Number of protein chains: 2
Amino acid sequence: MDPLTEAKKKLMPEMTDLLTKRYQILQTIQMEEPIGRRTLSELAGMTERDIRKETDLLRGQQLIEAKTAGMAISPQGIEVLEALKEFMREMSGLSNMEKQLKAILGISQVLILPQDSDDIPAVKTKIGKEAARLLEMKFPLHKKIAVTGGSTMAAISKEISSDKRDRSLQFIAARGGLGEDVLHQANTIASLFAEKTGGAVKTLYLPDHLSAEAYEMMMREPVIKEMMDLYDETDVVVHGIGNAEEIALHRKSSPEEVEMIRKGGAVSEAFGYYFDNEGNVVYRIRTAGIQMEQVQKAKAILAVAGGRSKAKAILSYFNIAPRQTVLVTDEGAARKIIELTTKQEEF
Amino acid sequence: MDPLTEAKKKLMPEMTDLLTKRYQILQTIQMEEPIGRRTLSELAGMTERDIRKETDLLRGQQLIEAKTAGMAISPQGIEVLEALKEFMREMSGLSNMEKQLKAILGISQVLILPQDSDDIPAVKTKIGKEAARLLEMKFPLHKKIAVTGGSTMAAISKEISSDKRDRSLQFIAARGGLGEDVLHQANTIASLFAEKTGGAVKTLYLPDHLSAEAYEMMMREPVIKEMMDLYDETDVVVHGIGNAEEIALHRKSSPEEVEMIRKGGAVSEAFGYYFDNEGNVVYRIRTAGIQMEQVQKAKAILAVAGGRSKAKAILSYFNIAPRQTVLVTDEGAARKIIELTTKQEEF
DNA sequence: TTCAAGTTGGACGGTTTTTGTCCCACTCAA
DNA sequence: TTGAGTGGGACAAAAACCGTCCAACTTGAA
């Protein structure tokens with residue numbers, strides 16, 4: 001930390017807490033607007049009185065506006081949040097946590113966003129926004145981009161800016177269909193990316209749960225083979241990380257599949273692979289999709305997952321995640337990951 | 001002001017006052033140590049309770065130590081003061097006041113130090129220190145340095161560091177003797193400078209109040225003429241600015257001199273010249289010394305004067321001060337000068 | 001040595017501010 | 001229309017703050 005800030009802290013020890021508190025309130029208001037005192041106090045974990053005092057001040061500073069429907073952030077408030085973003089990352093230790101995660105997960109870049117998407121759904125939007133920014137930076141160099149499905153991936157697609165259109169981009173669905181949830185399927189997401197950027201899209205429509213024979217047969221089809229070749233040429237992979245149980249329940253999995261997943265001690269899921277705590281592949285869905293070996297070859301990989309409930313899954317997957325993977329997550333997940341790993345060290 | 005600080009101010013409006021208050025207290029403690037609560041509260045213009053609260057905090061932060069003789073600053077406290085120096089100059093508007101003074105006085109560099117040497121004598125030490133730093137910067141390029149007398153000049157001589165000794169420096173007393181006050185005479189001060197730097201010194205011992213005939217005679221003496229030639233070659237002039245009345249009273253001035261000074265409306269004094277509010281020379285002491293024309297030719301001029309009581313004198317002198325003059329002063333004088341000039345504009 | 005001035009830390013009651021907790025009138029979407 | 005949610009007002013209890021002493025001590029001068 002720079003000596004000036006250090007000195008200020010010495011002279012005003014209250015500063016850190018105050019700044020953090022108000023920043024967090026302002027941030028939560030931005031995400032949940034319009035919001036009232038009582039709801040806000042629950043989200044922020046403070047008493048209503050405290051919230052009231054601080055919001056009165058923020059209103060006095062014209063950083064928020066109090067309408068009848070609730071409080072909302074003002075343009076000035078947004079500016080303040082923006083100006084303090086980097087500083088708060090440093091101050092609240094996010095920057096430091098990023099370093100720790102890099103070491104724990106064995107990768108070279110981690111981005112942590114404040115708060116926990118388990119508590120505040122809007123944090124997912126922030127994750128999506130930052131992931132979108134990171135992805136956009138790859139566009140000039142890397143054109144073939146494989147994407148998976150999931151709500152997190154959907155959040156990214158929403159935040160891709162349509163400003164920098166690039167017709168040479170090609171988005172590839174990393175997976176076949178996933179049963180019913182159309183909005184969050186890889187195919188849908190890939191199409192959304194393509195639409196926003198003006199690029200092309202390659203989709204892969206296949207039932208999720210094929211019999212062994214049907215699977216073999218399909219793999220020999222020219223359309224499918226073409227996809228498999230595309231996976232080989234993939235430059236960038238963008239994917240979410242799922243909780244094994246959640247996903248298994250959510251999908252129409254056959255009883256024997258669920259059994260495999262349970263018995264194998266699967267914790268995480270990515271690209272249709274299920275991994276246990278040590279990162280071993282416990283099970284794999286028999287659907288066409290990108291292979292782990294093909295992911296390894298990608299020049300850039302963006303793994304996106306947030307919320308403390310995803311901590312175990314993230315840890316599990318990163319046992320075998322390629323080195324070049326970049327993780328975008330949130331404070332909730334990061335804290336939990338650090339907690340889990342430091343606890344293990346105690347034993 | 002940088003956007004980050006701006007944003008912090010928005011989020012913590014209390015910051016400015018708090019920081020200023022504590023900084024000022026810490027600063028005063030440094031200058032007046034050891035000092036007690038009551039004395040400190042008078043100097044800082046705060047209630048004893050307030051001082052107590054803040055000093056308790058500062059002690060908690062280990063920035064000051066409370067001994068039985070009073071409170072004193074700790075090494076850490078000095079570090080904090082040092083680290084915040086520039087920031088506080090900006091924050092407290094000193095930086096801005098410097099700009100204003102430059103415009104008002106028509107010069108290109110002004111340095112203002114916090115507080116008022118009329119209230120806190122130790123501020124004079126700070127002024128001396130900064131002036132000494134500025135002067136030292138000239139040493140490598142400019143070797144012939146003329147200095148005047150006065151308590152402010154004495155303060156500078158005390159703060160010249162003996163680290164960077166330079167035997168090629170030559171210090172010249174800008175004036176002959178000044179009656180009794182030996183310690184603050186130009187001759188003494190010049191010798192002090194020379195001693196600290198290892199340089200040479202040229203002194204000029206002459207009675208202050210000569211008759212017209214004696215004066216003419218002396219000016220023809222070779223020793224004196226030599227000095228006058230030296231003045232022509234002077235690179236740097238360092239001088240104080242005095243209040244006309246004060247100086248006239250302090251010196252053993254003849255009644256007719258006092259009369260001249262009074263009638264002429266003299267306000268300031270420098271180099272033995274008395275100036276009125278418009279900068280006209282009202283009277284000049286008949287002693288050998290540097291001429292105003294010779295001062296004009298100097299490459300660098302350092303004018304040093306602090307305390308709100310000097311404000312009028314400073315304003316008066318700067319009517320005719322050479323452009324290349326640099327002023328070192330304090331907050332008290334600066335505020336008063338700005339107050340005086342903006343009031344005039346109202347009429 | 002004595003004394004006066006100045007120091008810190010402790011104490012305490014009156015005063016102000018803060019805090020927790022209601023209530024009310026209102027909005028807005030269902 | 002209803003009901004959940006909103007901001008603002010209000011108020012008593014609790015806490016913090018403030019002004020003001022005092023006692024014990026140090027220190028430097030007389």
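Computed from a predicted structure; not experimentally measured. Below, read A as the first sequence line, B as the second, and so on, with proteins coming before strands; counting in each chain starts at 1.
- The separation between A:Ile64 atom CD1 and D:dT6 atom P is 13 Å, rounded to whole Å.
- Salt bridge status for A:Arg59 with A:Asp56: present, with a side-chain N to carboxylate O gap under 4.0 Å.
- Using a cut-off of 4.0 Å between Lys/Arg side-chain N and Asp/Glu carboxylate O, B:Lys310 and B:Asp118 are scored as not salt-bridged.
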**OP:** Output, in order, the C-alpha distance, side-chain angles, deciding distance and verdict of salt bridge (charged side-chain N to carboxylate O under 4.0 Å, His left out) for B:Arg133 and B:Glu130.
**Re:** CA-CA 5 Å; B:Arg133 291 295 92 72; B:Glu130 290 303 319; over 6 Å; no
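- Rounded to whole Å, atom P of D:dG5 lies 12 Å from atom CG of A:Leu43.
- One finds no salt bridge joining A:Glu339 and A:Arg335 here, because no Lys/Arg side-chain nitrogen approaches an Asp/Glu carboxylate oxygen to under 4.0 Å.
- A sub-4.0 Å separation between OP1 or OP2 of D:dT6 and a side-chain N or O of A:Thr39 is present.
- Spacing between atom CG of A:Asp50 and atom P of C:dT17 amounts to 18 Å, rounded to whole angstrom units.
- Residue A:Leu18 contributes atom CG, which lies 13 Å from atom P of C:dT18 at whole-angstrom precision.
- As a whole-Å value, the separation of A:Lys53 NZ from C:dT17 P is 14 Å.
- A straight line from CD of B:Glu14 to P of C:dT18 spans 11 Å, rounded to a whole angstrom.
- A salt bridge does not link A:Lys124 with A:Asp330: none of the charged nitrogens is closer than 4.0 Å to a carboxylate oxygen.
- The CG-C1' distance, from A:Leu57 to D:dG8, rounds to 17 Å in whole Å.
- Between A:Ile51 atom CD1 and C:dT18 atom C1' there is a gap of 16 Å when expressed in whole angstrom units.
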Original post:
Which letter, B, S or -, goes with each nucleotide of nucleotides 8-15 of chain C from 5' to 3', with contact meaning a protein heavy atom under 4.0 Å?
Top reply: BBBB----
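- Side chains of A:Asp50 and A:Thr47: no donor on one and acceptor on the other come within 3.5 Å.
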